[in-house]
Amino acid sequence: ESGVGTIAAGVAKAYADVILISGHDGGTGASPLSSIKNAGNAWEIGLAETQQVLRANGLRERVKLRVDGGLKTGRDIVIAAMLGAEEFNFGTAALISLGCRYVRQCHLDTCPVGIATQRGDLREKYEGDPANVVAYFDAVAGEIREILASLGARSLDEVIGRADGLSAVAVEGHSKASTVDISDLLAAPDDGNAPFCTWPSNVRPEGGINDRIVDDVVPVLKAGGRFEGRYTITNRDRTVGARLAGILARRPELDHSTGGGDDAVRLHFEGTAGQSFAAFTTEGMSMILEGEANDYVAKGLGGGRVVVRHPFNSDEPGQIAVGNTVLYGATGGELFVAGCAGERFAVRNSGARAVVEGTGDHGCEYMTSGTVVVLGKTGANFGAGMTGGEAFVYDPDGRLKTRHHGDFVLLERVAGDDGELRSLIQAHLAWTGSPVAEQLLNSWDDQVGAFWRVTPKALLESKKVRDAQ
């Protein structure tokens with residue numbers, strides 16, 4: 001929308017390496033029509049504005065500009081480059097070259113050509129060939145070369161930011177189209193600032209908390225020891241722990257965990273964490289926060305353990321401890337939150353186990369695997385798009401019956417002593433000292449029947465198919 005250039009300037013100053021301008025065209029097959037029709041502006045408008053604002057503020061050389069939104073042809077790429085883009089995303093067109101029929105069932109786990117599904121019987125129907133993708137991009141590249149040759153350019157790099165090489169096409173016989181003035185769109189000021197990225201990375205100041213953690217931890221692990229440390233954290237500290245997780249992932253010899261949840265690195269934090277606290281945490285790590293955190297806690301969690309204990313939890317139950325979109329795309333590990341979360345908790349969770357004491361709207365959205373326990377109220381639309389895993393929700397008042405997405409999930413009361421549910425709550429108590437968990441466990445026989453088991457209907461249908469086979 002209008003003003004995207006100002007946002008781009010802000011994130012460039014916040015050390016972004018890449019800025020993506022996403023136009024209104026395109027969109028995944030799972031998107032509702034209301035999200036892909038008449039929503040937003042064309043990428044050409046947003047890209048031109050972003051390029052001009054970054055150049056005017058001397059920021060363009062720091063970041064790479066990427067664009068997407070229904071790109072299909074070489075002509076699209078050359079125009080995008082001349083408006084300032086250096087990188088180009090292809091989604092729908094590449095997917096169709098792989099055999100997608102665009103039937104818009106991605107979110108239902110019923111893709112008839114076996115691309116967007118977890119079901120083995122449907123995956124067997126897949127007939128795509130990687131050679132088709134190669135042929136498609138070869139054709140796009142060939143068209144780009146022809147267009148560049150007609151412009152007298154030897155490479156795409158030579159036309160990046162050369163909006164002065166574009167001109168409006170006159171539309172004869174169309175009174176409205178001929179009145180459109182796109183001169184501002186094609187402005188290419190000669191202000192001396194670079195029209196493309198020249199920095200290898202939009203480097204951040206040295207000495208941040210991630211640098212201190214790596215400097216403290218890595219020598220200890222190299223010596224064969226285990227590390228435990230304490231740090232003060234503020235909301236200026238973003239993606240804390242991710243750098244160390246990357247080092248452990250690339251150098252597994254540093255991870256001295258012995259399995260069974262043991263950890264080689266235990267990091268304690270106190271304060272308010274910024275975006276993406278404990279993102280991409282991996283095996284061998286425990287991230288323990290006494291305080292609260294912003295959005296995207298444990299994003300991409302692949303292993304290890306993340307604990308958030310709200311400092312006021314014991315006196316004021318129901319306090320918000322973590323923000324929105326927690327556990328986004330997690331594939332493993334554990335998360336314990338002694339407090340409530342915002343919207344879209346465990347969205348696209350694909351393997352993590354988590355306990356939280358309340359969620360906002362859209363909990364467990366698009367979840368495909370893992371286990372989530374909610375020891376309190378949920379918002380609306382719980383389980384929308386959920387195709388795998390399971391959730392347990394403590395709901396003695398029966399409110400979840402009007403707050404879950406009945407098209408996707410089935411509710412049934414927990415009967416008897418569910419071992420996995422109880423063990424997760426016991427672990428939650430052990431790691432957080434949660435009074436909510438303690439009260440439930442102290443009267444477990446009376447309380448276990450107040451839990452709902454939330455099961456995806458897609459999972460049940462897949463089981464029926466397997467049983468029938």
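Side chains included, hydrogens not; waters and symmetry mates left out as well; all remaining heavy atoms used. The structure presented is a predicted model; accordingly, all values stated were derived computationally and were not measured.
Applying the side chain to side chain contact (heavy atoms under 4.5 Å, CB included) criterion to Q275, with sequence neighbours excluded, gives R238, D295, Y296. Not counting sequence neighbours, the partners of A12 by the side chain to side chain contact (heavy atoms under 4.5 Å, CB included) test are I19, L54, L59, V63. Partners of L98 by side chain to side chain contact (heavy atoms under 4.5 Å, CB included), not counting sequence neighbours, listed by chain and number: Y126, V133. In terms of the side chain to side chain contact (heavy atoms under 4.5 Å, CB included) criterion, residue partners of R154 (sequence neighbours excluded) are, by chain and number, E158. Applying the salt bridge (Lys or Arg N to Asp or Glu O under 4.0 Å) rule to D157 yields no partners; only residues at least two apart in sequence or on another chain are considered.
Proximity of a side-chain donor or acceptor of E87 to a complementary backbone N or O of R66 within less than 3.5 Å is not detected. Between the N57 side chain and the V53 main chain, a donor and an acceptor come within less than 3.5 Å of each other. The backbone N or O of I209 sits nowhere less than 3.5 Å from a side-chain atom of D237 that would complete a donor-acceptor pair.
Sorted by first and then second residue, the side chain to side chain donor-acceptor pair (under 3.5 Å) pairs involving residues 326-342 (not counting sequence neighbours) are R305-E334, E334-R353.
Using a 4.5 Å heavy-atom threshold, the side chains of R251 and K222 count as touching.
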Audit row: C111, Q105, side chain to side chain contact (heavy atoms under 4.5 Å, CB included) steps and yes/no: CA-CA 6 Å; C111 175; Q105 295 178 10; 5.7 Å; no
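Classification of the F336-H428 ring pair by plane angle, with boundaries at 30° and 60°, yields tilted.
In this structure, CZ in R344 is found 13.0 Å from CG in N349, a value given to the nearest 0.5 Å.
A salt bridge is defined here as a Lys NZ or Arg NE, NH1 or NH2 lying under 4.0 Å from an Asp or Glu carboxylate O, and R266 with D263 meets this definition.
Between the side chains of T359 and T378, no donor-acceptor pair of N or O atoms lies under 3.5 Å.
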